[in-house]
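Labels below follow one simple rule: chain letters A, B, ... track the order of the sequence lines, proteins then strands, and each chain is numbered from 1. Below, all heavy atoms of this structure are taken into account, side chains as well, without hydrogens, waters or symmetry copies.
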Amino acid sequence: MTVLFDGIASGLLLFLISVGLSVTLGLMNFVNLAHGAFAMLGGYVCVILLNRYGVPFLATLPIAMIVSALAGVVLERTLYRRLYGAPHLDQVLFSIGLVFMSISTANYFFGDHQQPLHLPPMLSGQFHLAGADIGAYRLFLIVVGLALAGGLQWLVAGTKFGASLRAAVDNPRIARGLGIDVDRVFVITFALGTALAALGGALGIEMLGLDPEFPITYIVYFLIVVAVGGSGNIKGSLIASLILGICDVEGKYYVPQIGAFVIYLVMVVTLIFRPQGLFGRSAAK
Amino acid sequence: MNLKKCLAALALAVTLTGGATAAEPVKVGLVLALTGPFGAYGKQIEHGVELYLKTNGDTFGGRKVQLVIKDDSPGTAGDVSKRLAQELVVQDKVDILAGFTLTPSAFAVAPIATEAKKPMVVMNAATSAITTKSPYVIRTSMTLPQNTAPMASWAAKNGIKKVFILVADYGPGYDAEGQFKKTFEAAGGQIVGDVRAPVKNPDYGPFLERIKDSKPDAVFLFLPPGAGTIAFMKGFEERGLAKAGIKMIATGDLTDEEILDSIGDVALGMITSFHYSEAHKSPENAAYTAAYYKAYPNDRPDFMSVAGYDGMHLIAAVLNKTHGSTDADAFVAAAKGMKWVSPRGPISIDPDTRDIVQDIYIRKVEKVGGELQNVEFDHVTAVKDPGKQ
Amino acid sequence: MTGPAFGAGKLRDAPRWHPAEYAFWILPIGAYFVFPDNLALLAQIAIAALFAISLDLILGYAGIVSLGHAAFFGIGAYAAGLLAQAGWGDPILGLACATLAAAATGFITSFLVLRGADLTRLMVTLGVASMLYVSANKLTDITGGLDGLQGVEMKPVLGRFAFDLYSKTAYIYCTVVLFVMFWIARRIAHSPFGLSLQGIRQNAARMPALGTPVNARLVTVYTLGAAYAGIAGALLTQTTQFVSIDVFSFSRSAEVLLILVLGGIGSLYGAILGAIVFMTVHEYLSGIDPLYWQFWLGLLLIVVVLFARGGIMGFLRSTSKVLP
């Protein structure tokens with residue numbers, strides 16, 4: 001039972017970081033391999049505030065999100081938008097270049113070792129419930145993850161902005177024709193995606209660690225979530241993340257010999273049968 | 001008057017000719033990973049080598065030592081290391097090859113040492129078989145089995161009957177696993193679980209749960225130093241394994257001074273076996289650590305720097321013994337059986353295997369003067385590499 | 001329209017060798033005499049060039065974006081290594097074996113790669129290379145794992161030219177293989193098959209109207225690209241007498257992509273130029289500014305993508321009247 005609980009927590013953390021990537025890929029058709037760099041940015045902001053300035057952990061989270069959103073907006077306006085219609089290869093290369101620069105910058109300012117993180121006592125430790133050992137931090141992650149998933153779903157399905165977002169994803173030209181400022185939708189969505197990545201990055205330090213290589217180490221996981229869940233899809237990302245998180249953790253517990261294989265296997269199998277992902281739209285560009 | 005002039009002229013002549021032949025510097029080519037994922041290791045080794053030259057001068061056997069350093073980052077690409085070693089021999093015309101942060105680079109370069117007839121001083125790479133790859137390889141660092149076996153014997157002798165082994169899924173992990181199992185079972189111990197975790201593994205949750213469920217007396221670890229260790233130890237504390245009385249035992253790779261501070265207090269109480277600790281009490285080590293902090297105030301001296309230091313000492317001592325000759329066969333013959341007191345303790349070069357023989361200490365992580373240190377409380381004398389026996 | 005294309009008017013002349021090409025291929029001969037101490041590096045450049053050509057075949061001509069091309073490089077490297085370890089150290093035999101192994105792997109995985117859109121392809125290529133890396137690591141008893149395969153001993157090339165410390169044999173061997181494979185690739189590129197690939201890259205939906213079996217062509221070129229990569233991998237093993245699971249690493253896949261983009265996609269020569277420039281600069285710069293090599297590389301990549309999309313070849317074409 002504990003292992004299942006851990007798998008869910010792991011899945012929700014993955015969801016938090018990857019959902020932004022799924023939305024930007026589905027919306028702007030932009031393969032952004034630098035998504036992990038925004039998560040890393042959020043992580044470093046959190047750690048600096050916590051360790052150097054004594055800001056309480058929970059308070060660092062919104063600040064990390066805002067900083068990352070700002071960075072996202074600036075980069076989007078200056079660089080990303082030049083490549084919106086460009087071939088995916090160009091986008092891949094561009095974002096890899098961005099990743100390299102972010103890694104060396106992080107290395108320069110913070111050194112190449114792991115950043116230490118000390119959680120507030122309220123979020124540490126374990127307690128026993130219903131036959132499972134519930135980790136306080138993992139419980140916190142699950143709560144936050146579900147709340148955000150719910151919030152995002154409401155945003156997309158229940159608000160006017162969400163409607164414009166869905167319209168812009170389905171058909172940007174017609175959306176523009178209806179008077180929707182697609183450009184603005186893009187910027188806001190990108191900012192939201194990077195803010196969520198930053199939140200995920202900060203929340204993930206406890207479980208994933210934080211060092212300059214973070215963007216490269218984990219980008220594969222995020223891409224797998226998007227590929228399996230289908231891009232542009234919040235529900236898809238959630239379900240894919242949960243499946244991957246649970247399979248990964250359970251796999252490591254029951255069959256540790258194939259531990260690292262499991263997520264790649266899940267991905268390849270999914271893509272064989274549904275190349276567009278579980279919930280993606282077929283014949284995407 | 002005439003005699004004096006004659007003698008003076010003679011003395012001058014001797015000095016001049018002696019000076020002319022001794023003027024050729026000895027070029028030592030260092031192949032180290034100075035950047036990339038293992039850059040921190042290579043830098044430590046480089047520091048050790050340079051520190052030796054700083055504190056002991058650079059002239060031995062009448063010749064000056066010159067370092068030529070090449071970065072074989074990432075350190076795992078043997079083809080890069082081999083090419084750099086070739087360049088050192090062919091372009092820079094080095095007399096001695098040294099360094100070798102990781103095993104692949106040592107394996108790849110050994111054939112060059114044999115073909116070009118150059119002595120090869122290994123200052124880190126820890127796989128047993130390395131010294132067998134060329135008759136000119138001499139090692140001043142350690143081997144993984146050499147550090148692992150004493151941990152197993154100590155555990156068996158100190159009330160630890162059931163051990164769960166958790167190692168990372170790569171070469172060094174397998175070596176540690178194999179040696180520990182061999183020695184522990186031979187001493188009457190029982191292995192209750194043996195799992196290999198993926199090398200890049202952010203969260204040890206499922207593994208820790210498995211360990212908890214099998215209720216061992218101790219868990220023997222070998223994980224990549226750094227991120228893996230921190231993640232494991234945090235989880236160990238958090239999931240109550242420490243409270244359940246399970247001990248953590250490992251080789252000192254995991255509590256390397258270089259990373260000890262970033263692991264933090266969760267490491268307290270961890271028992272390790274290793275050949276060097278900054279807290280080792282000896283006059284040689286006191287002098288070494290003082291000199292190290294003076295030269296590199298932002299780093300802590302660790303086992304890799306000591307291996308570099310001792311490697312340079314070996315080169316210096318051999319040069320003194322051979323009066324400056326760097327002929328590979330003479331070098332190796334002079335190195336065999338050499339004994340000296342290193343900052344780590346007494347060490348020697350095994351004449352049969354050309355590998356290092358040294359004392360292995362059992363230590364515990366404790367806070368000393370506000371800093372985390374590996375405090376030695378037991379040791380095994382003159383351990384030879386069990387990997388070759 | 002994606003990527004650079006040959007000007008339509010020049011299509012007729014393209015199969016013939018341009019004088020600049022003859023001039024170019026004299027350079028490796030000269031290099032042998034001008035840089036006798038650097039032959040080890042030059043041999044590695046030749047290998048990198050061949051690897052980049054293999055990627056150019058699938059990316060530049062067929063438009064398949066792969067982040068896992070090292071999979072085939074690694075298969076070829078291990079095929080040659082294991083064969084030599086088993087005692088069959090003849091280099092040419094090793095090349096043949098590597099070609100078969102890599103081509104077979106390419107053929108089998110091509111079916112996965114053809115399904116779905118760009119992102120799916122990216123993930124599948126990445127996934128395949130990752131799984132090979134993990135498998136090779138698991139099978140450390142066979143592959144030697146991270147430490148490397150032991151006992152790779154090469155017999156002399158053609159029975160006469162032994163691999164030496166100065167890498168003379170290695171250099172000549174690699175350069176000759178590079179030239180032969182390049183010549184074959186060039187012929188293929190200018191053949192009807194090659195032209196149909198360009199058509200597929202530019203507009204796959206329309207090609208069936210011309211009677212082109214799109215999937216069959218893509219499978220063929222992917223297999224070909226895999227075979228070329230395998231040969232490059234085998235050359236690496238044979239010239240260094242060493243192979244470890246590092247050959248499957250992501251950094252190898254990323255590096256070859258970088259080299260190709262730098263040199264210019266779709267022209268074969270771009271692959272070679274990219275290899276020369278990248279490896280040379282890496283060799284001399286990483287010593288001076290090690291940590292920040294990655295930073296400048298990232299910046300260079302961004303600049304190339306935004307402003308110099310054609311890479312070195314694109315730059316040469318636009319500034320020089322000599323090249324087509």
Would one find more than 12 heavy atoms of other residues, nucleotides or ligands at under 6.0 Å from atom CZ of C:R206? no
CE (C:M131) and CE (A:M267) are apart, to the nearest 0.5 Å, by 7.0 Å
Those residues at least two apart in sequence (or on a different chain) that pass ring-ring contact (aromatic ring centres under 6.0 Å, His included) with C:F51 are C:H69, C:F73
Here the gap from A:L93 atom CG to C:R309 atom CZ, rounded to the nearest 0.5 Å, amounts to 6.5 Å
Applying a strict 4.5 Å limit to non-hydrogen atoms, the region of A:L33 in contact with chain C is side chain
What I'd like to find out is whether the side chain of C:L126 reaches to under 4.5 Å of the side chain of A:I224, using heavy atoms alone.
no
Q. After noting the C-alpha distance and the side-chain angles of A:V92 and C:L122, does the key distance pass the side chain to side chain contact (heavy atoms under 4.5 Å, CB included) rule?
A. CA-CA 10 Å; A:V92 165; C:L122 208 70; 4.0 Å; yes
**Message:** For a 4.5 angstrom cut-off between non-hydrogen side-chain atoms, does A:L271 reach C:L112?
**Reply:** no
In the structure I gave you, are the side-chain heavy atoms of A:T105 and C:F295 within less than 4.5 Å of one another anywhere? yes
Rounded to the nearest 0.5 angstrom, the CG-CD1 distance for A:L83 and C:I302 is 9.5 Å
Heaviest contributor of heavy-atom pairs below 4.5 Å to chain A, chosen from C:N137, C:L67, C:V124, C:L299, is C:L299
Per-residue tally against chain C (heavy atom, under 4.5 Å) across A:R82, A:M101, A:Q91 peaks at A:M101
Counting heavy-atom pairs under 4.5 angstrom with chain A, the leader among C:A254, C:S130, C:G63 is C:S130
Quiz item: Should we count CZ of A:F110 as having more than 12 external heavy atoms under 6.0 Å?
Solution: yes
Value for CG (A:L223) from OG1 (C:T120), rounded to nearest 0.5 Å, stands at 11.0 Å
For atom CG of C:L139, is the number of surrounding heavy atoms from other residues, nucleotides or ligands below 6.0 Å larger than 12? yes
Contacts of C:S110 meeting side-chain contact (heavy atoms from CB on, under 4.5 Å) (sequence neighbours excluded), chain-then-number -> C:V219, C:Y222
Heavy-atom check, side chain of C:V305 versus side chain of A:L89, under 4.5 Å:
no
One should read off an interatomic distance between C:L301 CG and A:F94 CZ, to the nearest 0.5 angstrom, of 10.0 Å
